[in-house]
Amino acid sequence: MRTVKSFLSLLLIMAVTIPGFAEAKDTQKVGKITAVSGSSEVKKSGGTKQIKAFKSMAITQGDTIITGRNGKVNMDLDSDKEVIVGPNTKLVISQLVQNARAMSGKTNLSLLGGSVMVKVKKKLTGDSRFEIKTPTAIMGVMGTQFIVEYREGNSFVGVIEGTVAVSKPDGAQGPSVHANEQVHLNSSGDGVPETLILHDLPLFALEQYAEDVEQMLENHPTPDLQTLKEQLEKVRKEKQQAQGDEQEDEEQPESPVIIYEGTAPSRDRSDRGSSGGDPTPVVRPSIVSQGVFHPIPDQRTDLNIELALAGDSLKTVFYSTGERNLEEGTDYRLESGTQSGQQTIVLLKSFLQDRIGDRNSFELKLTFTSGYTLFVTVKAKEVKSPQLDIKEFYNNLHVYVPNNKTFILPFTTHIQPNVTDDLIDETQVLQDGVILQRVDFPPYEWKQNDSITIEENKLKIELGEGIPIGSLIDITVVSNTLKNKENGDVQEEEQRMQELRLEPSANPDFIEVDPINPQEIAINIMGFGFPLRELKLEFPPNNSGPDEAHVLVKGTDYEVNSDESTPSRLTLKSPLIQQLTEYGEYTLRVYLETPEEYQLKIALFRKP
């Protein structure tokens, strides 16, 4: 027995003192380029030169992929992860490692400009992480197919399959984007998910999407897939045409023109006239007046934009700054203006209903025979009927869902029940017009101890009994249930808060720690009103730490705020961090006082 103990002691000493003897650390993985087209280069990690990309080229952590205007690169970063780098793109492989203790890994890409399409072919394991970062947002992937674009300070995410969780640059939780949804994110990382618009996808992603649908049709032909194929083909052709027109304009630029009083548009300054001296220049083509469109697609009608031509004539109308050449007769028609020298562009109802989607504005690019270009921003009219403020709701979820019994819906205006019958009171209007439903369950039936009330711009639901944690719920306010308290405008369409999951969460849930320079660590716990019951710390396996989970002591190891109206702020104190001396991943388990004894898992990683 003594011999065995001595041998085990020797093994422990060797594991601590001999490099490579201890448990293996995370190792770098190697990806591979599977296809290249156009101008595409790679700057290898630590190098300064850019070398031409080629098929089967190895890609490792720290490499940068750079594509030109017609460039595209397909990469396999793992057996189940494919990344397609679009034209005019710069992508850094920030992290590409294999986890030492599990069949999982960590992949982190930094998109500095341009667009990428990602295909993750199987759901990631609990220890796997795959993120794409832009300067304005962080996209966390959970088994999906999606597109990310970053240009001019704004990010775009379009999801075809699965879900992408978005975080803001400061680490705050942003929106979750589900299948067939997209989101435009501003420089602060704010954005509201909307239905996926095929025209918003870059051309290379549309082409790949069309190929995937074609393959699915061969294996499982369905009417829906056939319809999707036709839509993709139509949009793809339109974007190809628009891109070709733009390239042609760039290759053959027209000279700028100055228009003078009493003359026709000309590129020759000798056409000024013979009066001697410099003539007085007149105003170039400009907007005399323009309409606004209804924010609800089905209620849009024709929209007029009246131009003062200033002796020029209209040549083309592009949608979204040259993205698509509009067709006269299909998308718009031209009419005479109200005065001589004016012309009216009538954007047709069909274009506004089918192409604009849920956007609040879009841009037109008008070109004239003289070479002059005029940009026009067309906006939706101000919404006066009550609209659900989805952005406000999800940005402050802890305020609007403080627990599993209370659900508060914020609206864009002050609201009141739309009572139209003297025999029906306000309470009945709200109970008839508000539908709360657990997904795949029948609608909830209001009970005597439930209440639905209104406070300024908020509709507040308070239940006598809570919804089970983990449930996925929908809340729908039927059309004509509410009206604007100030002007009486009635809610025109149903307002729906869709697929809200009562899933407790921790932010962040993966933290790198440094016991040599320990600092307090703050973690936001979204517990839906359920307090923390207990915290346990599990040490990395096969080290000198406790064999069983170590129960943490409040006040000594951690602190928790007492304000239940906000996410519980869990603070890990520095003496606890000092104890994490072993290399590897510690698991912090946070148990909540829920009927189901819910627990959260937070990884604390001690780097070598």
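All values derive from a computational prediction rather than experimental measurement. Quick note: residue numbers are just sequence positions, from 1.
Rounded to the nearest 0.5 Å, atoms CG (Asp302) and CG (Leu352) are 7.5 Å apart. Atoms CD1 and CZ, on Ile390 and Arg496 in that order, are 11.0 Å from each other to the nearest 0.5 Å. Interatomic distance, Leu374 CG to Lys365 NZ, rounded to the nearest 0.5 Å: 11.5 Å. The distance from the CG atom of Leu388 to the CD atom of Glu494 is 11.0 Å, given to the nearest 0.5 Å. The CG atom of Asn484 sits 11.5 Å away from atom CD of Gln491, with the distance rounded to the nearest 0.5 Å. Rounding to the nearest 0.5 angstrom, the gap separating the OG1 atom in Thr89 from the CZ atom in Arg69 is 14.0 Å.
Thr316 and Thr367 share a donor-acceptor pair across their side chains, judged by distance under 3.5 Å alone. A side-chain donor from one of Thr369 and Ser313 sits under 3.5 Å from a side-chain acceptor of the other. Side-chain contact of Ser167 with Gln173: a donor-acceptor pair under 3.5 Å is absent, judged by distance alone. Inspection of the Asp389 and Thr412 side chains reveals no N or O donor paired with an N or O acceptor under 3.5 Å. Using modelled atom types and a 3.5 Å distance limit, the side chains of Ser176 and Thr163 yield no donor-acceptor pair. Defined by atom type and a distance below 3.5 Å, a donor-acceptor pair is present between the side-chain atoms of Glu194 and Gln182. In this model, no donor atom of one side chain and acceptor atom of the other lie less than 3.5 Å apart for Thr377 and Ser361. A side-chain donor-acceptor contact under 3.5 Å links Gln387 and Ser385.
Minimum interatomic distance between Ala210 and Leu232 (heavy atoms only, all atoms of both residues): CA-CD1, 3.9 Å. The shortest heavy-atom contact between Val183 and Val177 is CG1-CG2, 3.5 Å. Residue Pro386 comes nearest to Val490 through the heavy atom pair CD-C, 4.1 Å, listed as atom of the first residue, atom of the second, then distance. Taking each heavy atom of Gly291 and Val378 in turn, the nearest pair found is O-CG1, 4.3 Å. Of all non-hydrogen atoms in Val235 and Leu206, the two that sit nearest each other are CG1-CD1, 3.6 Å. Across every non-hydrogen atom of Asp425 and Val419, the tightest pair is C-CG2, 4.5 Å.
In this structure, the side chains of Leu217 and Gln226 come closer than 4.5 Å at one or more pairs of heavy atoms. Taking the side chain as every heavy atom from C-beta outward, Val429 and Ile424 approach each other to under 4.5 Å. Side chains of Ile435 and Val478 form a contact here, defined as non-hydrogen atoms less than 4.5 Å apart. In this structure the side chain of Leu459 reaches within 4.5 angstrom of the side chain of Ile452, judged on heavy atoms. Looking at heavy atoms from C-beta onward, Val118 lies out of side-chain contact with Glu82 at the 4.5 angstrom threshold. Proximity of Ile461 to Ile408: side-chain heavy atoms (C-beta onward) are nowhere separated by under 4.5 Å. Residues Gln145 and Val159 are not in side-chain contact: their nearest non-hydrogen atoms beyond the backbone lie 4.5 Å or more apart. No side-chain heavy atom of Val92 sits less than 4.5 Å from a side-chain heavy atom of Leu109.
A salt bridge does not link Arg333 with Glu328: none of the charged nitrogens is closer than 4.0 Å to a carboxylate oxygen. Using a 4.0 Å cut-off between charged side-chain N and carboxylate O, Arg236 and Glu233 make a salt bridge.
In this structure, Tyr394 has its ring center at least 6.0 angstrom away from the ring center of Tyr400. With ring centers used as reference points, Phe293 lies under 6.0 Å from Phe362.
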Exercise for review: Just do the side-chain hydrogen bond (donor to acceptor under 3.5 Å, both in side chains) check on Asn304 and Thr344 with the steps written out, would you?
Suggested key: CA-CA 6 Å; Asn304 292 352; Thr344 300; 5.8 Å; no
Review point. Are Lys460 and Thr406 close enough, and set up right, to give a side-chain contact (heavy atoms from CB on, under 4.5 Å), and what steps lead you there?
Key: CA-CA 7 Å; Lys460 186 175 184 180; Thr406 306; 4.1 Å; yes
Practice item. Begin from the C-alpha positions of Asp331 and Arg355 and carry the test salt bridge (charged side-chain N to carboxylate O under 4.0 Å, His left out) through to its verdict. Key: CA-CA 10 Å; Asp331 301 316; Arg355 291 297 184 196; 5.4 Å; no
Check your understanding: Should Thr67 and Ser40 be marked as a side-chain hydrogen bond (donor to acceptor under 3.5 Å, both in side chains) after you check the CA-CA gap, both sets of side-chain angles, and the distance that decides it?
Key -> CA-CA 4 Å; Thr67 59; Ser40 304; 5.7 Å; no
**Study point:** Derivation of the side-chain hydrogen bond (donor to acceptor under 3.5 Å, both in side chains) call for Ser479 and Glu492
**Key:** CA-CA 6 Å; Ser479 59; Glu492 298 169 323; over 6 Å; no
Exercise for review: Please step through side-chain contact (heavy atoms from CB on, under 4.5 Å) for the pair His414 and Glu486, ending with a clear verdict.
Suggested key: CA-CA 7 Å; His414 283 202; Glu486 277 107 24; 3.5 Å; yes
Review point. Between Ile287 and Ile305, is a side-chain contact (heavy atoms from CB on, under 4.5 Å) present by the stated rule, with each step listed?
Key: CA-CA 7 Å; Ile287 303 299; Ile305 301 174; 3.8 Å; yes
Practice item. Please step through side-chain contact (heavy atoms from CB on, under 4.5 Å) for the pair Tyr209 and Ile160, ending with a clear verdict. Key: CA-CA 9 Å; Tyr209 191 8; Ile160 296 173; 3.7 Å; yes
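A donor-acceptor pair under 3.5 Å is absent between the side-chain atoms of Asn180 and the main chain of Leu196, judged by distance alone. Judged by distance alone, the side chain of Asp474 and the main-chain N or O of Glu499 form a donor-acceptor pair under 3.5 Å. In this structure, Arg501 contributes its side chain and Leu472 its backbone to no donor-acceptor pair below 3.5 Å. Looking only at distances, a side-chain donor or acceptor of Thr34 sits under 3.5 Å from a matching main-chain atom of Asn74. The main-chain N or O of Glu218 is never found under 3.5 Å from a side-chain atom of Glu214 such that the two would form a donor-acceptor pair. The backbone N or O of Gln428 lies less than 3.5 Å from no partner atom in the side chain of Gln431, so there is not a single donor-acceptor pair. A donor-acceptor pair under 3.5 Å is absent between the side-chain atoms of Glu149 and the main chain of Pro202, judged by distance alone.
Ring geometry for Phe368 against Tyr372 counts as tilted: the plane angle lies between 30° and 60°, on a 0 to 90° scale.
Within 6.0 Å of NZ on Lys168 lie more than 12 heavy atoms contributed by other residues, nucleotides or ligands. Environment of NZ in Lys90: sparse, with no more than 12 heavy atoms of neighbouring residues, nucleotides or ligands closer than 6.0 Å.
Remark: of the listed residues Val376, Leu366, Leu326, Leu366 is the sole one forming a side chain to side chain contact (heavy atoms under 4.5 Å, CB included) with Ile345.
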